[in-house]
Asker: 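Encoded as structure tokens, here's the structure I'll be asking about.
Because the structure is predicted, anything quoted here is derived from the model rather than measured. Each chain gets a letter, A, B and so on, in the order its sequence line appears, and its residues count up from 1.
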Amino acid sequence: MSTQTAHREAPTAATRREGTERRAAPRPPARRKPTGGLTSRVAVNAVLAVVAVYTLMPLTWLLIASTKSYRDLFATNPFSVGDFHLPANLNALLAYNDGVFVRWMLNSLLYTVVASLLSTLISVACGYAFDKYAFRGREKWFGVVLVGVLIPSTVVQLPLYLMASELGLVNTYWAVLIPSLVNPFGVYLARVFSEGYVPGEVLEAARVDGAGEVQTFVKVALPMLAPGFVTIFLFSFTASWNNFYGALMMLNDDRLYPVNLGLFMWNQNVYQQPELYPLVIIGSLVAVVPLIVAFLCLQRFWRSGLTAGAVK
Amino acid sequence: MAAPLARPAKTPAPPAVPPPAGSAGPAGPGKPGGPGTRRGQRRAVALFTVPFFALFAAVTVLPMIYAVWMSLYREESSGLGFGGTERVFAGFGNFTEALGNEAFLRSFGNIALYCALYIPAMVGGALILALLVDSTMARARRFFQIAYFLPHAVPGLIASLIWLYLYTPGLSPVTDALDALGADWNFFGEDEAILSVVNISAWQWTGYNMIIFYAGLQAVPREVLEAATVDGAGALRTAFQVKIPMIRPTVVLTLLFTCVGAIQLFDAPKLVQLRANTMGEDWSPTMFIYTAAFKGHDYGLAAASSLLLALVAGLLSFVVTKLGNRWKAS
């Protein structure tokens, strides 16, 4: 939260101070004065606006294309709104193949929210133990965690698939859920957060009061670690939300697909079944909108989390 | 669903990751660990760390060991191919085959070229945007930050899907605009396809890294900037000689994560490749592995390639970290 206030105040304070500085400066840099005026302000904001158009254009297109019928999609200007076909497209999406799309959305919810919550709890507990307890070989084990950070998950995906198929786990929810429970970077972050947010004296006090170790962790440390918990949760959430390669390997049964894999499979078939075009487009919109809304609502969390994760 | 879960009892105990030392002590008689006792703390360490390490062993260490084993064997069809296949020890055969495979080597070349195009554009772009938003001249800072970050909320595959359609003539406003300008640009052309992939990655990651750099810039002490202004440094000089050096560690971390991400590239090229026939199904190392395993059914080759890729990824992170440390020290 402290980063948040710093964000808001720092620029204004700086502007004010720099302004007075310039007036009070004994030798004002005369050469710079004319260029520092209106033109460069316009130029800077123009550049920023052009980039904003670039980042927002694809989403705007998606929104408009979702309102079009299959015929209008190819026949009309991409940014003109033709006949308003959004409800019909939505109905078609929800009805197609016995409503498999809804199932994909629910699967995605399971793969992301449930897995991220569990994975965050596991990482936070482990990072906390690394920070607050002295045990034999502690730094050696932490080295193992750091090596884990450097092994990209995609790289172990195929061996993981081969092992899962040996164990008969392929084509089950577990095949996608279990791998996303492991987040070495989360353990690393949790240790850093635990060092920063949980003073040892507080834990001592809790122990003196007769609390057991688990109770101390759950009732005393965990609330203090809340910002770290949110940060690590967001990282695991994004990772599992983006996990396509793993799901592609592990799943054949379309009832188990997460939404991105489902849309990919529809897109594979658009050549043979062009009527899938509008479904892929509206499906993408429906898959993306809840996430964008969530990100906008949770702005202050992701921003402080993101920056805390990067700066520390 | 529960039945297969009961089976791992058959698998060997994780050789590389026994439970953390200290938790292995004999369970002596006596009261359960009371407050602050050594035994209580030992139990807590075990309880808090074992879930992570057990899962880490199951989904990272064991698969790697299994991959090593797989990579040493080759499936050979016996007789005329009617008798099924049998597993034959191949030694390092799969590794030499991978290293001699032109497509596998080319996939690393593709990633190298991709990095050469993508990293300067994305990291440079993110830095410039962060400096611009941080400058006193920027308006509507909050709006720009949100606008730049939004693409990151879109899952990678769906982002690639949207861009795939934006690259498709007839559907796309982008191709229409280019046609109107008289530009003859084919997003799926032999040379252009890689730029189409770079664009998808840049769209997704520039804003994310811009936010991180911007936070770093916000942490630069204002006195330092004032001192630079008093000394007569212009905005550009302040940016390059004061601001950027102060956020170096953040830039290095971004480079590390970008490299680790680049080596795993899959979603974007996989989709662009659907239309860009010249790219091939083995354009990136992960695409090569996927194709070898699921189209070629050559698990030995795929496992060996996975291990080689892991090695490259590890080396790459090591080199970037080392370079970063040296850069920091200088």
Asker: Non-hydrogen atoms of chain A under 4.5 Å away: do they reach the side chain of Ile146(B), the backbone, both or neither?
Answerer: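 For Ile146(B), the side chain is the part near chain A, not the backbone.
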Asker: Contact part of Tyr128(A) toward chain B, heavy-atom cut-off under 4.5 Å: side chain, backbone, both or neither?
Answerer: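 Side chain of Tyr128(A) only, per the 4.5 Å heavy-atom cut-off to chain B.
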Asker: At a heavy-atom separation under 4.5 Å, does Leu307(B) approach chain A through its side chain, its backbone, both, or neither?
Answerer: neither
Asker: Within a strict 4.5 Å, meaning less than it, do heavy atoms of the Gln41(B) and Phe135(A) side chains meet?
Answerer: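 Result no, sub-4.5 Å side-chain heavy-atom pair not found.
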Asker: Relative to chain B, which segment of Ile151(A) carries a heavy atom at a distance below 4.5 Å: side chain, backbone, both, or neither?
Answerer: side chain
Asker: I need the residue from Val260(B), Asp267(B), Leu309(B) with the largest number of non-hydrogen atom pairs under 4.5 Å to chain A.
Answerer: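 That would be Asp267(B).
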Asker: When heavy-atom pairs shorter than 4.5 Å are enumerated against chain A, which of Ala153(B), Ser317(B), Ala310(B) gives the highest number?
Answerer: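 Ranked by heavy-atom pairs under 4.5 Å with chain A, first place is Ala153(B).
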Asker: Identify the heavy atoms of Met137(B) and Asn45(A) that sit nearest to each other, and give their distance.
Answerer: O-ND2, 3.0 Å
Asker: Give a yes or no on whether the backbone of Ala147(B) and the side-chain of Thr55(A) come within a donor-acceptor separation of less than 3.5 Å.
Answerer: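 Checked: pair present.
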Asker: Verify whether one side chain among Glu166(A) and Tyr66(B) offers a donor that lies under 3.5 Å from an acceptor in the other.
Answerer: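 Distance-only check passes for Glu166(A) and Tyr66(B).
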Asker: Please answer whether the main-chain N or O of Thr154(A) pairs with a side-chain N or O of Gln264(B) as donor and acceptor at a distance below 3.5 Å.
Answerer: yes
Asker: Report which part of Ile162(B) has an atom under 4.5 Å of a heavy atom belonging to chain A: side chain, backbone, both, or neither.
Answerer: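 When you check distances to chain A, atoms from both the backbone and side chain of Ile162(B) fall under 4.5 Å.
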Asker: Under a 3.5 Å distance rule, please check whether Asn260(A) uses its side chain to pair with a backbone N or O of Leu157(B) as donor and acceptor.
Answerer: no
Asker: Counting distance only, does the side-chain N/O of Asn267(A) pair as donor-acceptor with the main-chain N or O of Leu161(B) below 3.5 Å?
Answerer: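 No; judged by distance alone, with no hydrogens or angles, the pair does not exist.
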Asker: Side chain, backbone, both or neither: which part of Leu164(B) has a heavy atom under 4.5 Å from chain A?
Answerer: side chain
Asker: Using heavy-atom distances under 4.5 Å, tell me whether Asn199(B) contacts chain A through its side chain, its backbone, both, or neither.
Answerer: both
Asker: Looking only at heavy atoms and a cut-off of under 4.5 Å, which of Leu181(A), Val145(A), Val124(A), Ile122(A) has the most pairs with chain B?
Answerer: Ile122(A)
Asker: Tyr290(B) vs Tyr161(A), test: side-chain contact (heavy atoms from CB on, under 4.5 Å). Steps then yes/no.
Answerer: CA-CA 11 Å; Tyr290(B) 183 82; Tyr161(A) 163 79; over 6 Å; no
Asker: With only heavy atoms counted, which part of Ser135(B) is less than 4.5 Å from chain A, the side chain, the backbone, both or neither?
Answerer: side chain
Asker: Do Cys126(A) and Phe53(B) have side chains that get closer than 4.5 Å, going by heavy atoms?
Answerer: yes
Asker: Is there a side-chain contact (heavy atoms from CB on, under 4.5 Å) between Leu171(B) and Tyr277(A)? Walk through the geometry before answering.
Answerer: CA-CA 10 Å; Leu171(B) 263 175; Tyr277(A) 263 117; 3.9 Å; yes
Asker: Yes or no on side-chain contact (heavy atoms from CB on, under 4.5 Å) for Thr206(B) and Tyr54(A), after CA distance, side-chain angles and deciding distance?
Answerer: CA-CA 11 Å; Thr206(B) 308; Tyr54(A) 166 69; 5.9 Å; no
Asker: Quick one: which of Val147(A), Leu263(A), Leu248(A), Leu261(A) has the most heavy-atom pairs under 4.5 Å with chain B, could you say?
Answerer: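 Option with the greatest count: Leu248(A).
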Asker: Under 4.5 Å from any heavy atom of chain B, what part of Leu162(A) do you find: side chain, backbone, both or neither?
Answerer: both
Asker: Given heavy-atom pairs under 4.5 angstrom as the criterion, report whether the side chain, backbone, both or neither of Phe295(A) touches chain B.
Answerer: side chain
Asker: Side chain, backbone, both or neither: which part of Phe266(B) has a heavy atom under 4.5 Å from chain A?
Answerer: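 The side chain, not the backbone.
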Asker: Name the region of Asp209(A), side chain, backbone, both or neither, that has any atom closer than 4.5 Å to a heavy atom of chain B.
Answerer: neither
Asker: Measure distances from Phe143(B) to the heavy atoms of chain A and classify the residue's part below 4.5 Å as side chain, backbone, both or neither.
Answerer: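 Only the side chain of Phe143(B) comes within 4.5 Å of chain A.
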Asker: Between Phe48(B) and Ala125(A), what is the shortest heavy-atom contact and its length?
Answerer: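 Shortest heavy-atom separation between Phe48(B) and Ala125(A) comes out as CB-O, 3.4 Å.
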Asker: Please state whether the side chain, the backbone, both or neither of Ala159(B) comes within less than 4.5 Å of a heavy atom of chain A.
Answerer: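 Looking at Ala159(B), nothing touches chain A.
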Asker: Please check if the side chain of Trp61(A) supplies one atom and the backbone of Pro173(B) the other of a donor-acceptor pair under 3.5 Å.
Answerer: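 No.
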Asker: For Val270(A), which atoms come within 4.5 Å of any heavy atom of chain B: side chain, backbone, both, or neither?
Answerer: side chain
Asker: For the pair Glu213(A) and Leu47(B), evaluate side-chain contact (heavy atoms from CB on, under 4.5 Å) and give the outcome as yes or no after the intermediate values.
Answerer: CA-CA 10 Å; Glu213(A) 298 298 327; Leu47(B) 185 69; over 6 Å; no
Asker: Contact part of Thr238(A) toward chain B, heavy-atom cut-off under 4.5 Å: side chain, backbone, both or neither?
Answerer: side chain
Asker: Side chain, backbone, both or neither: which part of Gln268(A) has an atom under 4.5 Å from a heavy atom of chain B?
Answerer: side chain
Asker: Are any non-hydrogen side-chain atoms of Phe52(B) and Pro184(A) less than 4.5 angstrom apart?
Answerer: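 Side-chain contact under 4.5 Å: yes.
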Asker: Sort Leu203(A) into side chain, backbone, both or neither according to what part of it lies under 4.5 angstrom from a heavy atom of chain B.
Answerer: neither
Asker: Going from CH2 on Trp69(B) to CE on Met163(A), what distance comes out if it is rounded to the nearest 0.5 angstrom?
Answerer: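 That separation rounds to 13.0 Å.
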Asker: So what's closer than 4.5 Å to chain B heavy atoms on Val187(A): side chain, backbone, both or neither?
Answerer: side chain
Asker: Is Val288(A) close to chain B through its backbone or its side chain, or both, or neither, when contacts mean heavy atoms under 4.5 Å?
Answerer: side chain
Asker: Are side-chain heavy atoms of Leu291(A) and Val154(B) found at a separation under 4.5 Å?
Answerer: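 Side-chain contact under 4.5 Å: no.
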Asker: Okay, side chain of Tyr245(A), backbone of Thr286(B): is any donor-acceptor separation there less than 3.5 Å?
Answerer: yes
